[in-house]
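The next block holds one structure in the form of structure tokens; read it before the comments.
Only this structure's heavy atoms are used, side chains among them; waters, hydrogens and symmetry mates stay out. Each chain gets a letter, A, B and so on, in the order its sequence line appears, and its residues count up from 1.
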Amino acid sequence: MPYLGSEDVVKELKKALCNPHIQADRPRYRNVIQRVIRHMTQGVDMSSIFMEMVKASATVDIVQKKLVYLYMCTYAPLKPDLALLAINTLCKDCSDPNPMVRGLALRSMCGLRMPGVQEYIQQPILNGLRDKASYVRRVAVLGCAKMYNLHGDSEVDGALVNELYSLLRDQDPIVVVNCLRALEEILKHEGGVVINKPIAHHLLNRMPDLDQWGQAEVLGFLLRYQPRSEEELFAILNLLDSSLQSSSPAVVMAATKLFLVLAKEFPHVQTDVLVRVKGPLLTACSSESRELCFAALCHVRRILRSLPGHFSSHYKKFFCSYSEPHYIKLQKVEVLCELVNDENVQQVLEELRDYCTDVSADLAQAAIFAIGGIARTYTDQCVQILTELLVLRQEHITSAVVQTFRNLVWLCPQCTEAVCRALPGCEENIQDSEGKQALIWLLGVHGETIPNAPYVLEDFVESVKAETFPAVKMELLTALLRLFLSRPAECQDMLGRLLYYCIEEEKDMAVRDRGLFYYRLLLTGIDEVKRILCSPKSDPSLGLLEDQAERPVSSWVSEFNTLVPMYSKACWAAISSLQVSESRGLEAMGTGVLSTSGSLVSENKEELQPLSDSGSFLLVPNGQLTAEQFEKTWLSLEVAHQEVLPWQGVAHPDTIQTALQMVNIQPIALSKAGVQPWKAYLSAQDGAGCLFLTELLLDPEHSQVHLSVKQSQDKTEALNSFISVLKTVIGTIVDIKS
Amino acid sequence: MISQFFILSSKGDPLIYKDFRGDCGGSDVAEIFYRKVTELPGDQPPVVMVHHKGHHFVHIRHFSLYLVVTTAGCVSPFILLELLSRLVTLLNDYCGSISEKTLSLNVALVYELLDEVLDYGYIQTTSTEMLRNFIQTEAVVSKPFNLFELSSVGLFGAETQQSKVAPSSAASRPVTTVRSDQSHKNEVFLDVVERLSVLIGSNGSLLKVDVQGEIRLKSFLPSCSEMRIGLTEEFCVGKSELRGYGPGVRVDEVSFHGSIRLDEFESHRILRLQPSQGELTIMRYQLSDDLPSPLPFRLFPSVQWDHGLGRLQVYLKLRCDLPPKSQALHVKLHLPLPRGVVSLSQDLSSPEQKAELGEGVLLWDLPRVQGGSQLCGLFQMDVPGLPDPPSPAPPLGLGPASLSFELPRYTCSGLQVRFLRLTAPGTPDNTVPNTWVRHLSHSDTYVIRI
């Protein structure tokens, strides 16, 4: 086939589509259209032949129709005016005697994402909802959601919502599920579809008719329903019992979540449910589909948080297989580390030790860290295994072992001696920054028990010029200074050399500053250095902080069966913070558009809003008010409110000014600090254009501040809100000062 | 709900792309996805990835293809992953086994299917039977390469009443082409497939045995006649149940597809169903720890390390403990070697075996191993460039050995299909449908520590 640039392709296809011979020959015509679709999939812009494609839609060949409609749905947003031409054909098809054609036309028509299409689709959708063919009703129900979303800010049509609610009783199960989905979208601003008792029980009764997808989704909707009585609750749980045994993991997981949520008052029921899904979960964990296996493992880890012993007897299921992809192996190592108990610890450790020598450095390190995790409970066995690994003299292994040791002596001081015995010789096999830092830290803190510690550090000092990681240099400084305190004779000379190097030759500012800091610290005398540097060498209580103690099921149940467990903790934190800031940005933009003054509301108000606890009350910044205007207004108004608040000390105009500006209160004039009597005039404006003018008068003798507020419009509610904001700010300033 | 669905080739070209909701960016999304998935650091799981504005990518890999959906959060990952695997099965049903080639030949058909399966990102139906009413396009089948077909006949050797052998590609035909292809009209394939994962310790002790079994049915019968499948009568579920007088066939757990009627299961171990055209997993079962039969393979390794010369000598003896009539096919042993191994000299016990050095591994290829036989190989390797002085312990990175193999006509659990009967063969021309019952075990992972 000759090579054609994309323009030539489009031109050629256009010619072919216009060719009457091709148009008359149905297979050939269809073939040309298929080629158009293929190019469209590959991302070639085919929108310029829209006209020809619209013509091709007037055909009896249903396959061709489908292809053309697919094309139109893709390019309609780009060519809205041409797409309107196709509406006629589509409308005609909506009353075709063949339900398949009706459904197809309705679906495609609702799928045209362009403005102005609503007026054409409204009637066909309404007809479709009452169509006798269930296929058309399914399409029409979802069409309602599409129509609503196209027309973003439109009012919710009550009649339509009612019609959808009544269609929940349709005899076609897919129509029922589609109704739930459509209502959920249409009512999303009001909290989604309402599941009351009759609907909940109706859905429960329809469960057996639904396919796995329907069941899984309906179980999700039922989460919203709160049974009235204990009896009802257990009746529901009984009805759903079979879902826990389903062969589809999606249904099992949805049912599990529902059980856990409904039975939140009955921990024994929750435990019972988790015991019952053990089988299906373990099956999923050894499923042929790697991805499903991964999802199941992530959920197993959630369950282990609450029930650490839950999978202990099945630990063998979590042994890694040779052919598994890397990410599954890492998950399994994590799981293994969490389910150890007295009975299986021997086998699990043996298994993990085997991974430590795996060809993949990542897996090996993960296994070593996992052993380090287990070592918090089974210290002696683990330290022995780790020590044996050092004999292998492999860089990545030694580095990971030393890092594990560092964390371990901090949490389990009883193993310090064994660790110190193992350390000599490690320095030859460590090249990476993390490992070096850990080794240097250990030598510094426990140097007095390691005979050759100063000489090892000396080697590091000798080669400090060639060292590439600043963090290692910092660690070296600290460690050497610490060791100097316990073994001054051996260290004094090299400490001097190191400090000289860091201060005179080092280019990294942080390292240089650290060096200078220690140098000056040493000048203050050795006792001062000891006081500052000799902190405790271990702190077992830190383990409790880091250790995830058993958490109640309710702490993770809301995330169960969502995408959250599938992300690593750090990754999810990054995602959710991103989402929060995005939604905040949006919110700020929304209020900015709405506020009458037209200026953007500063984002600070978001943070202070909880302080002022006034949901609807917003102050907007107004810079226009000059001192003269203020004076004029001030004199023309009556005092609306007066109050006396406690105050201490002198007023610092800067603090007050900043604090007030945070909530969009503009200081017009402030006395200088220490002036008697101290006065301040403030102005603020709310979203509705009402001005608030305030005078603050400080009375140092009684430790009080007098507050008088004037208001340009007579609105008590707004006034009260304003005063509460002002009082919060003044309260905060007083708190800071005291 | 799903915003977009697309299928990418291994090189990242979009083969199929459909946008359901138009809320998740344009068609460059495929490119973004491909870049993300290929640049992912090693320790990050690839299954779920962040897109933008709270949208996520969820994908599965099917051979070299990526099947991807983008979704705004709050969806069950299990639904999405199950849907993606279901789509693979569906596409297999309709286009024959899916690959880059079959997909590009059947673009229209795939879009037609997607149109019916998903509307506005919501799953409508995925049943092959129901979808058939809506699908108008006929599948275009690509002819598989002939040589490949020849070599795979033995792979899935079939056992039938007429002692005919069904070519292995027969079951990977699309179900819809039956209209044009009269000779293949009435066929039913029933496969009992078991995956075996085994871990044997260095002292020969069995650390883990796991058997995941499945009974799969692929039916080409156009009409829904009732089917009865009789399983081994001694089939017991759970540890405590007792049946028959022999050792029985015992599995730990069984789950059935929702459409199976189990009224005769308790009494006679008969499953009844009305199969629709297409593929269906009738039953899944699993069994761990105690197998009724001995493990198919035992490996007796011995390793000698001459640290003076830097020479590693590995002697492997592989014993096949299958019954003498059975055999294992395509046995491959994979032994990771220490870094820096250069030469390999070998001494194998029979001429059809082959051994070679792969990338840091020793590959020992045994095309056919008869039950009860014993095969051995002696391998000598030089490991130069080790740190001075070479340690007396053998260098790191040797083992564990892993085996892959297929055991046709053999199930590790002992489960057999006694019969497969169609009670009402309601075909228009009254020809008796061909039924093919096949048993196969294959290794998922079979690892022997050294």
Regarding A/N149 and B/Y120, do their side chains bring together a donor and an acceptor under 3.5 Å, going by distance alone?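 Their side chains do contain a donor-acceptor pair, which is all the 3.5 Å distance test asks for.
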
Examine the side chains of A/E324 and B/T445 and answer whether a donor and an acceptor come within less than 3.5 Å of each other.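 Note: A/E324 and B/T445 side chains miss the donor-acceptor criterion.
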
Is the shortest heavy-atom distance from the side chain of [X] to the side chain of [Y] under 4.5 Å?
{"X": "A/E288", "Y": "B/R195", "value": "yes"}
{"X": "B/V50", "Y": "A/Y567", "value": "yes"}
{"X": "A/N178", "Y": "B/Q124", "value": "yes"}
{"X": "B/E112", "Y": "A/I62", "value": "no"}
{"X": "B/E82", "Y": "A/P249", "value": "yes"}
{"X": "A/L104", "Y": "B/D115", "value": "yes"}
{"X": "B/P77", "Y": "A/L292", "value": "no"}
{"X": "A/W213", "Y": "B/R86", "value": "yes"}

Atom group of [X] that falls short of 4.5 Å from chain A, counting heavy atoms:
{"X": "B/M130", "value": "side chain"}
{"X": "B/L15", "value": "backbone"}
{"X": "B/L199", "value": "side chain"}
{"X": "B/R61", "value": "both"}
{"X": "B/F20", "value": "backbone"}
{"X": "B/N133", "value": "backbone"}
{"X": "B/V447", "value": "side chain"}
{"X": "B/S76", "value": "both"}
{"X": "B/M49", "value": "backbone"}
{"X": "B/S288", "value": "side chain"}
{"X": "B/H62", "value": "neither"}
{"X": "B/F256", "value": "backbone"}
{"X": "B/V58", "value": "side chain"}
{"X": "B/E253", "value": "side chain"}

For the atom pair [atom1] ([X]) and [atom2] ([Y]), what is the distance rounded to the nearest 0.5 Å?
{"X": "A/Y327", "Y": "B/L40", "atom1": "OH", "atom2": "CG", "answer": "10.5 Å"}
{"X": "B/I123", "Y": "A/D211", "atom1": "CD1", "atom2": "CG", "answer": "8.5 Å"}
{"X": "B/H257", "Y": "A/S247", "atom1": "NE2", "atom2": "OG", "answer": "6.0 Å"}
{"X": "A/L70", "Y": "B/K18", "atom1": "CG", "atom2": "NZ", "answer": "5.0 Å"}

Engaged part of [X] at the chain B interface, taking heavy atoms whose separation is under 4.5 Å:
{"X": "A/N561", "result": "both"}
{"X": "A/D354", "result": "side chain"}
{"X": "A/S360", "result": "neither"}
{"X": "A/A366", "result": "neither"}
{"X": "A/S248", "result": "both"}
{"X": "A/K146", "result": "both"}
{"X": "A/F319", "result": "both"}
{"X": "A/Q34", "result": "side chain"}

Can you confirm whether more than 12 heavy atoms, excluding those of A/E559, are under 6.0 Å from its CD atom?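 Result for CD/A/E559: enclosed.
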
How about B/R449: does its CZ atom have over 12 heavy atoms from other parts shown lying under 6.0 Å from it?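 Enclosed: over 12 neighbouring heavy atoms sit under 6.0 Å from CZ of B/R449.
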
Option from B/V48, B/L81, B/L84, B/L67 for which side-chain contact (heavy atoms from CB on, under 4.5 Å) with A/E291 holds: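 Checked B/V48, B/L81, B/L84, B/L67 against A/E291; only one passes side-chain contact (heavy atoms from CB on, under 4.5 Å): B/L81.
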
Dump the intermediate steps for side chain to side chain contact (heavy atoms under 4.5 Å, CB included) on B/T125 and A/I174, then the final yes or no. CA-CA 8 Å; B/T125 177; A/I174 300 177; 4.2 Å; yes

If you count heavy-atom pairs under 4.5 Å between each of [options] and chain A, which one has the most?
{"options": "B/Y122, B/Y17, B/Y111, B/F6", "value": "B/Y122"}
{"options": "B/D23, B/D444, B/D19", "value": "B/D19"}
{"options": "B/S104, B/P46, B/P336, B/P400", "value": "B/P46"}

Salt bridge present between [X] and [Y] (N-O < 4.0 angstrom):
{"X": "A/R181", "Y": "B/D119", "value": "no"}
{"X": "B/E116", "Y": "A/R107", "value": "yes"}
{"X": "B/R21", "Y": "A/E185", "value": "yes"}
{"X": "A/K317", "Y": "B/D210", "value": "yes"}

Option that, when pairs with chain B are counted at under 4.5 Å, heavy atom only, ranks first among [options]:
{"options": "A/R113, A/K66, A/M253", "result": "A/R113"}
{"options": "A/C298, A/P77, A/A254, A/S287", "result": "A/S287"}
{"options": "A/L563, A/V251, A/D358", "result": "A/L563"}

Could you tell me how the ring of A/Y135 sits relative to the ring of B/F134: parallel (under 30°), tilted (30 to 60°) or perpendicular (over 60°)?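 A/Y135 vs B/F134 ring planes: parallel.
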
A/A250 versus B/F78, closest heavy-atom pair with distance: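 It is CA-CB, 3.7 Å.
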
Run A/Q245 and B/S255 through side chain to side chain donor-acceptor pair (under 3.5 Å) and show every step you take. CA-CA 8 Å; A/Q245 306 291 319; B/S255 67; over 6 Å; no

